[in-house]
Number of protein chains: 2
Amino acid sequence: MAHKTRPVILRAFRGIDGFASARELHAQAVGNGDALGLATVYRELRRMVSEEIVDVVHDLDGEARYRHCDEAHHHHLVCERCGLTREIAGEEIETWIIGVAQSAGFHQIRHTIELVGLCSTCAS
Amino acid sequence: MAHKTRPVILRAFRGIDGFASARELHAQAVGNGDALGLATVYRELRRMVSEEIVDVVHDLDGEARYRHCDEAHHHHLVCERCGLTREIAGEEIETWIIGVAQSAGFHQIRHTIELVGLCSTCAS
DNA sequence: CACCATTTTGATAACGGTTCTCATTTGTCC
DNA sequence: GGACAAATGAGAACCGTTATCAAAATGGTG
């Protein structure tokens with residue numbers, strides 16, 4: 001069976017940094033020249049999540065955001081005034097989370113971390 | 001200044017263990033004999049979230065689940081299956097965040113941290 | 001109490017993300 | 001090629017949430 005959808009999704013993930021919504025992935029795929037329907041994107045993402053190839057978290061509005069598991073996991077610091085974004089190396093926090101989860105007996109922990117504030121220029 | 005809604009919501013929270021959806025809170029309030037509309041429940045919950053009186057997380061389907069939180073700032077570990085909730089002492093993470101913000105020159109950082117997974121019983 | 005201005009409420013419509021439906025297309029096997 | 005099975009996608013349906021707006025409750029004032 002040809003399964004042409006999955007490679008298209010994986011290529012779309014490669015063109016996006018970090019987490020992406022289903023709609024963003026669809027737009028990226030179309031931009032890549034891979035024509036496919038939104039329903040197919042949702043269906044394939046659901047499969048990939050159940051196969052644990054893709055992580056899913058929900059933003060504050062409840063919208064699902066997906067991330068290919070093989071990518072490096074990092075967080076962002078966002079300026080709420082000018083939109084400046086800065087990547088954070090989150091080694092520390094990942095280990096902290098794993099420790100917290102283990103001591104509570106929790107498994108398969110997903111986390112969302114959102115840091116918003118004012119960058120140095122906007123603060124002055 | 002009537003504000004009769006908030007006490008009704010708080011009473012509904014008292015009758016529920018852990019996190020509850022808006023619909024569950026509405027049903028609980030009605031069960032308590034407090035008649036009110038679903039729209040009012042959503043509106044008051046939004047207010048309480050913005051006042052940081054209530055915590056909100058999202059389950060696997062993206063549905064919002066609320067919890068009354070009268071303590072200061074803290075985080076939760078939530079089981080996405082049974083709703084079991086565990087409070088996390090987050091001293092470590094607060095200092096980590098402050099450090100990250102300082103080194104990036106950011107000020108007035110607000111943060112959202114959401115940890116969702118499977119508790120030990122649901123994992124087996 | 002009567003009156004008006006302001007706020008709150010709630011039934012319902014609208015909205016948006018996700019899932020479902022099903023006719024059509026595509027792939028596989030003989 | 002022909003027949004059967006799987007995959008696809010356009011649009012409908014679904015469901016939680018938010019917006020709308022008229023009615024009701026409240027507060028202040030004379």
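Below, chain A is the first sequence line, B the second, and so on; all start at residue 1.
Note that NE2 of B/His26 is 9.0 Å distant from CZ of B/Arg23, once rounded to the nearest 0.5 Å. Once rounded to the nearest 0.5 Å, the distance linking CD1 of B/Ile9 with NZ of B/Lys4 reads 12.0 Å. The NE2 atom of B/His68 sits 13.0 Å away from atom CD1 of B/Ile16, with the distance rounded to the nearest 0.5 Å.
Side-chain nitrogen and oxygen atoms of B/Thr5 include at least one within less than 4.0 Å of the OP1 or OP2 phosphate oxygen of C/dT9. Side-chain nitrogen and oxygen atoms of A/Thr40 include none within less than 4.0 Å of the OP1 or OP2 phosphate oxygen of D/dT8. Between B/Tyr42 and D/dT18 there is no side-chain N or O to OP1 or OP2 distance below 4.0 Å. Neither OP1 nor OP2 of D/dT17 sits under 4.0 Å from any side-chain N or O of B/Arg46. Considering only side-chain N and O atoms, A/Arg23 lies under 4.0 angstrom from the phosphate OP1 or OP2 of C/dG17.
Per the geometry, CD belonging to B/Glu63 stands 17 Å off P belonging to C/dG17, to the nearest Å. In this structure, A/Leu45 atom CG and D/dG9 atom P are separated by 13 Å, rounded to whole Å. Here the P atom of nucleotide C/dG17 and the CZ atom of A/Arg65 are 11 Å apart, to the nearest Å. The separation between B/Lys4 atom NZ and C/dT8 atom P is 13 Å, rounded to whole Å. Whole-Å rounding puts the A/Ile9 CD1 to D/dA7 P distance at 15 Å. Atom pair A/Arg6:CZ and D/dT8:C1' shows a separation of 15 Å (rounding to whole Å applied). Remark: C1' of D/dT18 and CD of B/Glu44 are 15 Å apart, rounded to the nearest angstrom. Between the CG atom of A/Leu38 and the C1' atom of D/dA7 there is a distance of 16 Å, given to the nearest Å.
Without hydrogens or angle criteria, A/Asn32 side chain to A/Asp34 main chain gives no donor-acceptor distance under 3.5 Å.
Nucleic acid contact class of A/Leu36 (heavy atoms, under 4.0 Å, all strands): sugar-phosphate only. At the heavy-atom level, A/Arg43 lies under 4.0 Å from base atoms of the strands shown.
Residues A/Glu24 and A/Phe19 share a closest heavy-atom pair of OE1-O, 4.3 Å.
Minimum atom distance to the side chain of A/Ala64 is reached by C/dT18, of the listed D/dA19, C/dT18, D/dG9.
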